[in-house]
Every structure is written in structure tokens, then in C-alpha cells.
Participant: 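Sharing a structure with you now.
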Amino acid sequence: MNYGWKTERKFDIIAIGRACIDLNAVEYNRPMEETQTFSKYVGGSPANIVIGASKLGLRTGFIGKISNDQHGRFIEKYMRDMGIDTSNMVVDTEGHKTGLAFTEIKSPNECSILMYRENVADLYLTPAEINEDYLKETKILLVSGTALSRSPSREAVLRAMSLAKKNEVKIVFELDYRPYSWASADETGIYYSAVAEQSDVVIGTRDEYDVLENVIGGRNEDTTNYLFRHTPSIIVIKHGVDGSYAFTKAGATFRGHAYPSNVLKTFGAGDSYASAFLYALIHNKDLETALKYASASAAIVVSKHSSSEAMPTVDEIERIVNVNV
Ligand SMILES: Nc1ncnc2c1ncn2[C@@H]1O[C@H](COP(=O)(O)OP(=O)(O)OP(=O)(O)O)[C@@H](O)[C@H]1O
Ligand SMILES: O=C(O)C[C@@H](O)[C@H](O)C(=O)CO
């Protein structure tokens, strides 16, 4: 398959959005009120996705703003050590802080995330901090929906998208809807639909597309009919453990099935799914295979404690795909 990426580019994927910290409950299978210890990991959906992609051997970079403190330095070093180019991670100069996500694992099916995201540095990225020469060097710009929730980060993303288009960089939009980041669902729908209409690939859960379309109980067919009238050529709709679908503008539909997993917690599924899906696309694999890689990657991460640190290798993914043919 040829997805139309420009081949001669230094990076496969540059992501834009938040790089934060996850504090995952060490004593799991209990409520957070009774949890005393947490393990620290780099987190934030777009950071997790490039960490996963980098672990799979893709060449990645990151655009975002981090706090000028121990947390910001921890994040930058971790990502650099993972092989991600951090040259366009801007250090905040106005005292903004790193976002924190405390995770609660009450049972494999009852997980929640308590986010501390007041005045977080990532939402203060400005359009002036977007570097066209950097964007020119990538095949894909990965946009995370949460980065659209506030200004000036919103305008920074819109600037990055317009420079991406100017330089024939494909845009992948991961909806990554976090309700507490947004002023209202109406506002989310407005920005999500405008950005999705301009993106080449859109990835999200059924619920996230409902927010984008401002509907309740939306149908995949209506979503694809609407978005394929615009730029997207591939639309991925995830349905949790019930699997996922990839639709193409040419009219094909592919179904991905979740693989059996010894589930510890459910968060991290979406980010590991996206990193392996994009790995497969960059390697010109067909969409059926891309869905298998994505689902296998997610099955691995839901069985482990973290989102970022748990990202699998290509061998681990292929072992699952090959055993379950
Ligand atoms: N319990 C599970 N066991 C195995 N695979 C799973 C499970 N839950 C989800 N997955 C896999 O992960 C993929 C993405 O899951 P989901 O649709 O929940 O995305 P998400 O809501 O973006 O994830 P997250 O919880 O990280 O936000 C699914 O399509 C499926 O392949
Ligand atoms: O995206 C976040 O800000 C939190 C993540 O890092 C967390 O691991 C998660 O929710 C993954 O789905």
C-alpha cells in the first residue's frame, strides 16, 4: 500500500500536544482514596504515541511546551533517551506547570484518571513557537485533540496544520477527547469537526466521534459519509474491547478484533493502538494488517502497569498477530 507520504523525510512522525506525567497507582484493585503509592511515568496521549512509535523503530519528534522544573526536565530527558527528537520542545518561562494524571485501578474494568491540568504548560504553546523548517522534515504531523481545547495552544496547532499542508506533510488527527479540558461539548464539536475535515487520517472512539458530530448514539456510516466529503482518506473508529474499524474513502471497510489479554487496566489502549497503527502504515502494510498490529499493541499495554513504559516492540506485536491468525 502507498499512503502518499513523502518518502525523503528525516522523521516519520512529529507529534504536537502535551507531554505530561502519569502517576499510576502501585496498589491496584482498590480506590484511590486507599492508594498510598504511585509510580511515575511520562504520559500525555501524544507523548505516549511517539514513545510507542519510537520503540517500534520509527523516527519521531515532538512539538510541545514543558515546565521549567524537575518534571519538565524528567519528561524531556525520558523522551530524548527514547530516541525522540526534543529540539522543538519549548521550555515555559511563565511558571506554568506540568499536567499530572493520577490513575486509579479499582479493577481491570473500572479504571479512571484524575487529572490536574490547571495552568498546564502544554496549553501555552504559541503559534510563534511553531517552526516551519522542522515540520518540513516529517512525513506525518500527529495532532492530539486536547491541544485544541484552549488558546494559545489551539492556534499553535492550527498554525502547525497549515504549515504541514503547505509542505505536503500528512495530518493524522487523534481525537483524544478529555472533557475536563474543554469549556463545553459544543466548543469541542466545532473545533474537532473543523480539524477532522482538514486531516488525512482521523482516529477516535465511537464516543469521540459523537462529540465531533454533536450527536448521541451516532452511526459509523453517518460519520464516514460526512468526513469523506472532506480531506480524510482513512477513518478509524474504535469500539473498546469490541474491536475497531478502518474505513477508506474508496469505500472499503476493515474490521479489527481485540486480542485476548490478561487485562490489568484499560487506559493506554488508545495510545498504543495509534502508535502501532501508524507504524504499520509507515511500513506500507495494508489496513487489515495495520488493525492487527494496533489491536495487538493495545492488548499488550492493557496487561501492563503503565502506558508509555509498557509500549511493545515489533517482535512482541508480531508474536501476537502470528499466533492468532
Ligand atoms: N480489554 C481489552 N482487551 C484487549 N484489547 C483491548 C481491550 N480494551 C481495548 N482493547 C484494544 O484497544 C483498542 C482501543 O481501545 P479503546 O477503543 O478503548 O480506545 P481508547 O478509548 O482510545 O483507549 P484509552 O482507554 O486508552 O483512552 C481496541 O480497539 C482494542 O483492540
Ligand atoms: O493522556 C493523558 O494525559 C494521560 C495518559 O498518559 C494516560 O496514560 C492515559 O490516559 C492513556 O490513555
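Note that ligands are numbered from 1 as they come in the structure, with each ligand's atoms numbered from 1 the same way. Everything numeric in this text was worked out from a predicted model, so none of it was measured.
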Participant: Which residue and non-hydrogen atom of the protein lie closest to atom 24 (P) of ligand 1, and at what distance in Å?
Facilitator: Gly270 N, 3.6 Å

Participant: Quick one: does Ala299 get an N or O within less than 3.5 Å of an N or O on ligand 1?
Facilitator: no

Participant: Between Lys106 and Asn29, is there a side-chain heavy-atom distance shorter than 4.5 Å?
Facilitator: no

Participant: Quick one about Thr223 and Asn220 (side-chain donor to acceptor, distance below 3.5 Å, no hydrogens or angles considered), yes or no?
Facilitator: no

Participant: For ligand 1, find out whether one of its N or O atoms is nearer than 3.5 Å to an N or O atom of Gly240.
Facilitator: yes

Participant: Using a heavy-atom cut-off of under 4.0 Å, does the side chain or the backbone of Val263 touch ligand 1, or both, or neither?
Facilitator: side chain

Participant: So between Tyr245, Phe267, Tyr273, whose heavy atom ends up nearest atom 13 (C) of ligand 1?
Facilitator: Tyr273

Participant: Any non-hydrogen protein atom below 4.0 Å of atom 27 (O) of ligand 1?
Facilitator: no

Participant: Between Tyr245 and His239, how do the two ring planes meet: parallel, tilted or perpendicular, split at 30° and 60°?
Facilitator: perpendicular

Participant: In terms of residue, atom name and distance, what is the protein heavy atom nearest to atom 11 (C) of ligand 1?
Facilitator: Ala298 CB, 3.5 Å

Participant: Do Asn24 and Thr103 have a side chain donor and acceptor closer than 3.5 Å?
Facilitator: yes

Participant: Ion pair present between Arg154 and Glu187, side-chain N to carboxylate O less than 4.0 angstrom?
Facilitator: yes

Participant: Between Val120 and Met115, is there a side-chain heavy-atom distance shorter than 4.5 Å?
Facilitator: no

Participant: For atom 4 (C) of ligand 1, what's the nearest protein heavy atom and its distance?
Facilitator: Tyr259 O, 3.3 Å

Participant: Kindly confirm or rule out a cation-pi arrangement of Lys265 over Tyr28, judged by NZ or CZ under 6.0 Å from the six-membered ring centre and within 45° of its axis?
Facilitator: no

Participant: So that I can tick it off, tell me whether Glu213 and Arg206 are bridged by a salt bridge, with the cut-off set at under 4.0 angstrom between side-chain N and carboxylate O.
Facilitator: yes

Participant: If you define the side chain from C-beta out and look only at heavy atoms, does anything of Phe62 sit under 4.5 Å from Thr86?
Facilitator: no

Participant: Using 30° and 60° as the class boundaries, would you call the ring planes of Tyr273 and Phe277 parallel, tilted or perpendicular?
Facilitator: parallel

Participant: What's the shortest distance from atom 25 (O) of ligand 1 to any protein heavy atom, and which residue and atom give it?
Facilitator: Thr266 O, 3.4 Å

Participant: Identify, by atom number and element, the atoms of ligand 1 in contact range of Gly268, meaning under 4.0 Å from any of its heavy atoms.
Facilitator: 26 (O)

Participant: Identify the protein heavy atom lying closest to atom 14 (C) of ligand 1, giving its residue, its atom name and the separation to 0.1 Å.
Facilitator: Lys238 CD, 3.9 Å

Participant: Got a sec: does the OH of Tyr116 have more than 12 other heavy atoms crowding it under 6.0 Å?
Facilitator: no

Participant: Side chains of Leu212 and Tyr177, heavy atoms from C-beta outward: is any pair under 4.5 Å?
Facilitator: no

Participant: For atom 5 (N) of ligand 1, which candidate among Ser295, Ala269, Ala258 provides the closest heavy atom?
Facilitator: Ala258

Participant: Tell me the protein heavy atom at minimum distance from atom 2 (C) of ligand 1, and give that distance in Å.
Facilitator: Val241 CG2, 3.6 Å

Participant: Check each protein residue for a heavy atom under 4.0 Å from ligand 2 and list those that pass, ordered by chain and number.
Facilitator: Arg18, Asp22, Gly43, Gly44, Ser45, Asn48, Ile113, Met115, Arg178, Phe267, Gly268, Asp271, Ser307

Participant: Of all the non-hydrogen atoms in the protein, which one sits nearest to atom 21 (O) of ligand 1, and at what distance?
Facilitator: Thr205 CG2, 3.2 Å

